[in-house]
K.L.:
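Shown below is the structure under consideration.
Atoms within each ligand, like the ligands themselves, are counted from 1 in listed order. Heads up: numbering here begins at 1 and tracks the sequence.
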Amino acid sequence: MREDSWGRGYGTAAVRQVIAYAFTATHLDRLSAKHHPDNPAFGRVLAKAGFTHATVFQGQMDGELVAYPVYEIHRTWAGPYRPISR
Ligand SMILES: CC(C)(COP(=O)(O)OP(=O)(O)OC[C@H]1O[C@@H](n2cnc3c(N)ncnc32)[C@H](O)[C@@H]1OP(=O)(O)O)[C@@H](O)C(=O)NCCC(=O)NCCS
């Protein structure tokens, strides 16, 4: 996303649409996502869309060890996905 579009809610809106699609049009029960630790804004986007922090994935980027925060969201069978507002 272009820098001049950040902070307007587009990232959160896009993630919410992915979740709604996954939990209505597919049989997926769980989604997971990770982000680079230098990109905390994406962690905030995931939390606003309803993901919760699950674990840390020890990966690599350009030969460097990187601890990627991993988030998950689970299908709830009580009804359709409704994003929580925070
Ligand atoms: C990360 C990104 C996708 C988020 O998209 P966006 O449209 O800006 O996201 P939103 O506007 O929905 O929400 C951004 C949230 O992050 C928060 N945020 C911004 N910078 C932050 C930081 N350094 N630390 C924590 N939160 C931060 C904003 O305050 C906002 O939360 P709020 O609504 O509670 O105030 C976008 O900023 C981006 O493309 N960044 C650079 C490229 C990138 O890193 N892409 C992802 C690669 S993993």
Side-chain angles (χ1 to χ4, degrees):
M1 289 172 56
R2 283 182 4 199
E3 193 165 351
D4 61 2
S5 71
W6 297 355
R8 297 185 188 178
Y10 298 139
T12 303
V15 171
R16 285 175 172 163
Q17 288 196 31
V18 169
I19 296 167
Y21 176 82
F23 291 159
T24 55
T26 82
H27 296 287
L28 294 172
D29 288 325
R30 176 178 61 91
L31 302 178
S32 69
K34 68 181 189 302
H35 67 83
H36 194 280
D38 291 344
N39 185 17
F42 194 57
R44 178 71 188 136
V45 163
L46 293 169
K48 286 198 295 179
F51 280 78
T52 54
H53 183 257
T55 187
V56 173
F57 170 72
Q58 301 292 345
Q60 284 194 23
M61 180 180 276
D62 301 328
E64 301 277 329
L65 290 175
V66 179
Y68 293 89
V70 179
Y71 293 71
E72 289 184 351
I73 187 169
H74 295 255
R75 177 194 293 272
T76 57
W77 293 99
Y81 165 69
R82 295 189 198 290
I84 50 178
S85 54
R86 292 186 195 168

K.L.:
For ligand 1, which atoms, with element, lie under 4.0 Å from some heavy atom of Arg8?
P.N.:
11 (O)

K.L.:
Please determine whether residues Leu65 and Val70 belong to a single hydrophobic cluster, defined as Ile, Leu, Val, Met, Phe, Trp and Tyr linked transitively by side-chain heavy-atom distances below 4.5 Å.
P.N.:
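No; Val70 is not reachable from Leu65 via cluster members.
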
K.L.:
Hey, does Arg44 come in under 3.5 Å of ligand 1, counting only N/O atoms on both sides?
P.N.:
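Checking ligand 1 against Arg44, an N or O pair does fall under 3.5 Å apart.
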
K.L.:
Quick one, Val45 and Phe42 - any side-chain contact, counting heavy atoms below 4.5 Å?
P.N.:
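Side-chain contact under 4.5 Å: yes.
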
K.L.:
Can you find an N/O atom of Gly7 closer than 3.5 Å to an N/O atom of ligand 1?
P.N.:
yes

K.L.:
Using a strict cut-off of 4.0 Å, indicate which atoms of ligand 1 neighbour a heavy atom of Asn39.
P.N.:
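Within the 4.0 Å cut-off of Asn39, ligand 1 contributes 1 (C), 43 (C), 44 (O), 45 (N), 46 (C), 47 (C), 48 (S).
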
K.L.:
Mind checking whether Tyr68 and His35 have side chains closer than 4.5 Å, heavy atoms only?
P.N.:
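No, side chains not in contact.
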
K.L.:
Exactly one of Asp29, Thr76, Ile73 should register a side chain to side chain contact (heavy atoms under 4.5 Å, CB included) with Phe23. Which one does?
P.N.:
Ile73

K.L.:
Does any N or O atom in Gly9 lie less than 3.5 angstrom from one in ligand 1, N or O only?
P.N.:
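Checking ligand 1 against Gly9, an N or O pair does fall under 3.5 Å apart.
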
K.L.:
Between Gly43, Pro40, Ala49, which one has a non-hydrogen atom sitting closest to atom 25 (C) of ligand 1?
P.N.:
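Looking at heavy atoms only, the winner is Pro40.
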
K.L.:
State plainly whether one hydrophobic cluster holds both Leu28 and Leu46, where clusters connect Ile, Leu, Val, Met, Phe, Trp and Tyr through side-chain heavy atoms under 4.5 angstrom apart.
P.N.:
yes

K.L.:
Please name the pair of heavy atoms, one in Thr12 and one in Lys48, separated by the smallest distance, quoted to 0.1 Å.
P.N.:
OG1-CE, 3.1 Å

K.L.:
Indicate yes or no: does an N/O atom of Ser5 lie under 3.5 Å from an N/O atom of ligand 1?
P.N.:
no

K.L.:
Closest approach of Asp4 and Arg8, non-hydrogen atoms and distance?
P.N.:
O-NH2, 3.2 Å

K.L.:
Based purely on interatomic distance, does Thr12 place a nitrogen or oxygen under 3.5 Å from a nitrogen or oxygen of ligand 1?
P.N.:
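Yes - when backbone and side-chain N and O of Thr12 are compared with those of ligand 1, one distance drops under 3.5 Å.
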
K.L.:
Just going by heavy-atom distances, which of Ala41, Ala33, Ala47 is nearest to atom 27 (C) of ligand 1?
P.N.:
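When every heavy atom of Ala41, Ala33, Ala47 is considered, Ala41 comes closest to atom 27 (C) of ligand 1.
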
K.L.:
State the CZ-CZ distance between Phe51 and Arg16, to the nearest 0.5 angstrom.
P.N.:
11.5 Å

K.L.:
Can you tell me if Lys48 has a non-hydrogen atom under 4.0 Å from ligand 1?
P.N.:
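Yes; Lys48 lies near enough to ligand 1 that a heavy-atom distance drops under 4.0 Å.
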
K.L.:
Before signing off on this row, confirm whether Gly11 and ligand 1 have an N or O atom pair separated by under 3.5 Å.
P.N.:
yes

